[in-house]
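Computed from a predicted model, the values in this text were never measured in an experiment. Scope of the values below: all heavy atoms of this structure, side chains included, with no hydrogens, waters or symmetry mates.
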Amino acid sequence: MKQKLAYISLVVQDYDEAIQFYTEILGFDLIEDTPLSQTKRWVLVKPRGSECGLLLAKASNDLQKSRIGNQTGGRVFLFLHTDDFWRDYHNLISKQVKFIREPSKEVYGTVAVFEDLYGNLWDLIEPAAV
């Protein structure tokens, strides 16, 4: 059996502000933006070169709204690998992305933790050479 992770659902407050953040700030590609109803869209973004993407899902009730920005209880939620940590780190700093953990060299690579527009935590990682 062959399987792969295709999309990760990310609860957002607003489709357009989320698209703007992920495409203009993080540099992801907008793969699809298809209206499904008056209030629901199928919005996919993904980093260039990645097979897995994010499904941006607008919160539609109070329970979902309560999860915006805290989908993992304050733990790092997503891990963005890069081939050039310092290029991407300085690019994100120049776009006022908030880093909550400064860069450090770990056995697995160079890493720093940043927040997305809603407060979800991400690791920016350049994996160590194997």
Side-chain angles (χ1 to χ4, degrees):
M1 176 169 42
K2 182 178 178 180
Q3 298 177 327
K4 67 178 181 177
L5 192 60
Y7 309 115
I8 298 168
S9 182
L10 180 65
V11 182
V12 301
Q13 181 174 303
D14 178 82
Y15 289 117
D16 294 322
E17 71 182 8
I19 290 169
Q20 180 181 12
F21 178 82
Y22 287 101
T23 60
E24 295 179 19
I25 304 298
L26 294 188
F28 288 15
D29 290 327
L30 177 61
I31 304 305
E32 186 174 352
D33 184 358
T34 303
L36 301 176
S37 71
Q38 290 282 71
T39 59
K40 190 173 181 179
R41 290 157 55 182
W42 182 260
V43 179
L44 296 173
V45 296
K46 68 179 183 177
R48 292 184 179 102
S50 178
E51 287 189 31
C52 185
L54 296 176
L55 171 67
L56 303 179
K58 184 177 177 184
S60 61
N61 60 46
D62 288 339
L63 180 60
Q64 292 174 12
K65 288 176 184 174
S66 74
R67 301 304 192 259
I68 295 171
N70 191 19
Q71 292 193 188
T72 57
R75 297 208 44 153
V76 170
F77 178 40
L78 297 163
F79 300 79
L80 183 61
H81 281 202
T82 176
D83 63 349
D84 187 332
F85 177 87
W86 293 106
R87 173 199 64 211
D88 292 345
Y89 174 78
H90 290 297
N91 182 48
L92 293 174
I93 290 288
S94 75
K95 294 178 179 179
Q96 276 71 56
V97 170
K98 181 180 178 185
F99 278 82
I100 63 156
R101 193 172 316 137
E102 292 301 313
S104 63
K105 194 86 161 171
E106 306 295 338
V107 295
Y108 55 85
T110 304
V111 62
V113 179
F114 69 92
E115 291 182 342
D116 69 12
L117 75 164
Y118 299 116
N120 291 301
L121 300 181
W122 289 66
D123 270 3
L124 175 65
I125 302 172
E126 181 179 346
V130 180

Given Q13, R67, E17, the one that forms side chain to side chain donor-acceptor pair (under 3.5 Å) with Y118: E17

Short side-chain to backbone donor-acceptor contact, D14 and D16, under 3.5 Å: yes

Path from L30 to Y7 over hydrophobic side-chain contacts below 4.5 Å: no

Residue E51 excluded, over 12 heavy atoms near CD under 6.0 Å: no

Validation row: H81, P127 side chains within 4.5 angstrom (heavy atoms): yes

R101, CZ: over 12 other non-hydrogen atoms inside 6.0 angstrom: no

F77 side chain near D116 side chain, heavy-atom distance below 4.5 Å: no

Shared hydrophobic cluster, V76 / V97 (ILVMFWY, side-chain heavy atoms < 4.5 Å): no

Shortest non-hydrogen contact between C52 and P47, atoms and distance: O-CD, 3.9 Å

Backbone of V45 reached by a side-chain donor or acceptor of Y22 within 3.5 Å: no

L54 with V11, same ILVMFWY side-chain cluster at under 4.5 Å: yes

Spacing of K46 atom NZ and D29 atom CG [to the nearest 0.5 Å]: 8.0 Å

From D83 atom CG to E126 atom CD, the distance as rounded to the nearest 0.5 Å: 7.0 Å

Interatomic distance, N120 atom CG to N70 atom CG [nearest 0.5 angstrom]: 7.5 Å

CA sep, side-chain torsions, deciding dist, call: F114, L26, side chain to side chain contact (heavy atoms under 4.5 Å, CB included): CA-CA 11 Å; F114 69 92; L26 294 188; 4.0 Å; yes

Side chain to side chain, S60 and T39, heavy atoms closer than 4.5 Å: no

Sub-4.5 Å side-chain heavy-atom contact between L124 and T110: no

Whether E24 side chain and Q20 backbone form a donor-acceptor pair below 3.5 Å: no

Any side-chain heavy-atom pair of R87 and T82 under 4.5 Å: yes

Contact check, side chains of L78 and Q71, non-hydrogen atoms, under 4.5 Å: no

Cluster overlap L55 with I68, hydrophobic side-chain contacts below 4.5 Å: no

Rounded distance [0.5 Å steps], CG in L44 versus CD1 in I8: 12.0 Å

Atom pair CG (D33) and CD1 (I19), whose distance is rounded to the nearest 0.5 Å: 4.0 Å

Crowding at NZ, K95 (>12 non-hydrogen neighbours, <6.0 Å): yes

Side chain proximity check, L92 to F99, heavy atoms < 4.5 angstrom: yes

Joint cluster assignment, I93 & W122, ILVMFWY side-chain distance < 4.5 Å: yes

F85 and Y89 aromatic ring geometry - parallel, tilted or perpendicular at 30°/60° bounds: parallel

Test item: E115 and L121 side chains (from C-beta on) under 4.5 Å apart, heavy atoms: yes

